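Throughout, protein chains are lettered first and strands after them, A, B, ... in sequence-line order, and every chain is numbered starting at 1. Note that the structure is predicted; figures quoted are calculated from it, not measured.
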There are 2 protein chains.
Amino acid sequence: MQAIDILKQLKEKGVRFTPQRQAILEYLLGTDTHPTAEDIYNHVKAKFPGVSLGTIYNTLNMLKEHGHILELSYGDMSSRFDGNPENHYHVVCTDCGKVVDYHRPLLTMEDEVSEKTGFKVMGHRIEFYGVCPECQEALLH
Amino acid sequence: MQAIDILKQLKEKGVRFTPQRQAILEYLLGTDTHPTAEDIYNHVKAKFPGVSLGTIYNTLNMLKEHGHILELSYGDMSSRFDGNPENHYHVVCTDCGKVVDYHRPLLTMEDEVSEKTGFKVMGHRIEFYGVCPECQEALLH
DNA sequence: CTAGATGCAAATGATTTGCTAGAAT
DNA sequence: ATTCTAGCAAATCATTTGCATCTAG
């Protein structure tokens with residue numbers, strides 16, 4: 001789905017359509033780099049020099065709450081945002097922090113976990129940790 | 001393994017044995033609640049009223065670097081620490097933040113991920129998200 | 001017009017760091 | 001006697017919040 005369509009859909013719910021929001025969402029949908037809020041800020045600043053980080057966070061939180069993007073939080077580092085809201089897995093470089101998608105059939109273990117723990121399980125997340133090809137290369141020198 | 005044994009082992013590596021460290025590690029090994037640094041701080045304060053949060057963090061980082069404990073980071077919330085350093089999975093309550101262990105055979109997907117992505121995959125992590133029995137109960141009232 | 005959004009700056013909260021006195025070896 | 005650690009306070013950094021101004025509807 002395009003940024004404009006998502007924002008039109010949100011307008012039905014009383015969320016205003018602003019050019020900043022359009023720029024933020026377009027960038028997120030058009031990249032597979034899982035940018036941080038700061039990455040997005042730097043990119044959007046090219047078109048809207050006056051934009052503030054507060055607006056970036058505000059927009060990202062709004063989009064997340066409506067289920068249009070995912071936030072990937074990694075403890076110490078800043079969160080990364082994913083324009084694909086469908087559950088899928090990620091491979092994270094422990095060296096440079098890069099995150100790449102890993103698509104495969106989802107684990108069907110949630111019911112089993114619910115039964116065994118009594119939790120009402122609503123979702124799950126898998127991350128693989130390793131060193132990306134570029135960092136492996138860099139480590140050789 | 002007991003706290004004392006781990007600390008004796010670390011002494012060989014030049015890490016000093018202090019009563020604060022012993023108290024921190026003993027608490028971590030004796031609980032399955034995955035406490036936060038603050039939880040540990042509050043507990044250790046009972047025995048060492050003068051202990052500081054800095055010491056807690058310092059000790060936790062030292063233990064983590066030597067592979068004796070795990071840090072579980074969850075974006076917004078504070079990290080939780082696990083005295084069991086073997087990889088195992090967790091179920092997290094999205095309501096109260098409680099974390100419980102979920103033991104099952106580990107996923108054997110790391111080689112496949114390595115092949116498909118070019119990453120040198122060293123580990124992985126799975127979290128299930130849901131609502132714990134207590135919070136389900138609370139939501140009824 | 002007017003509720004909701006922006007931009008800015010100040011606040012927050014977890015974690016880290018710098019420093020001095022103190023304790024472990 | 002050295003060197004690492006504890007305790008404390010100040011610093012850091014990502015993210016949030018308060019508020020006055022502005023703008024989409």
Can you check nucleotides 17-22 of chain D for protein contacts, nitrogen or oxygen pairs under 3.5 Å, and list what you find?
none

Between P of D:dA14 and CZ of A:F81, the distance in whole Å = 13 Å
Any donor-acceptor N/O pair, B:N87 side chain to B:H124 backbone, under 3.5 Å = yes
query = Rounding to a whole Å, what distance do you find between A:L53:CG and D:dA14:P?
reply = 9 Å
ask   = Picking from B:D82, B:L60, B:N61, what satisfies side-chain contact (heavy atoms from CB on, under 4.5 Å) with B:I69?
value = B:L60
query = Pick the nucleotide of DNA chain C nearest each of A:F48 and B:Y57; which residue has the one closer to the 5' end?
reply = A:F48
query = Which residues in residues 16-47 of chain A have at least one heavy atom lying under 4.0 Å from any atom of DNA chain C?
reply = A:R16, A:T18, A:Q20, A:R21
task = Kindly indicate whether a cation-pi arrangement holds for B:R125 with B:Y74, taking the cut-offs as under 6.0 Å to the six-membered ring centre and within 45° of the axis.
result = yes
note = The reported gap from NE2 in B:H103 to CG in B:N84 (rounded to nearest 0.5 angstrom) is 6.0 Å
remark   = DNA chain C: first to last nucleotide in contact with chain A (atom under 4.0 angstrom from a heavy atom), 5' to 3', is C:dA3 to C:dC8
message = Using only atom types and a distance under 3.5 Å, with no angle test, would you say the side chain of B:R21 pairs donor to acceptor with the backbone of B:R16?
response = yes
query = How long is the line joining CD of A:E71 and C1' of D:dA14, in whole Å?
reply = 11 Å
query = Quick one: which of B:D101, B:L107, B:V100 gives a side-chain contact (heavy atoms from CB on, under 4.5 Å) with B:Y89?
reply = B:L107
Flag, side chain of A:Q136 to backbone of B:G118, donor-acceptor distance under 3.5 Å = yes
query = Passes side-chain contact (heavy atoms from CB on, under 4.5 Å), A:Q2 versus A:L29? Steps please.
reply = CA-CA 8 Å; A:Q2 295 298 306; A:L29 294 181; 5.7 Å; no
Distance in angstrom units between B:H66 NE2 and D:dC4 C1', rounded = 13 Å
query = Between B:T94 (side chain) and B:G130 (backbone), is there a donor-acceptor pair under 3.5 Å?
reply = yes
inquiry  = From NZ of B:K11 over to C1' of D:dT5, roughly how many Å is that when rounded to an integer?
reply    = 14 Å
key: A:C132 side chain reached by A:D95 side chain, heavy atoms, under 4.5 Å   = no
task = Kindly indicate, with the supporting measurements, whether the criterion side-chain contact (heavy atoms from CB on, under 4.5 Å) is fulfilled by B:H34 and B:L70.
result = CA-CA 10 Å; B:H34 307 82; B:L70 295 180; over 6 Å; no
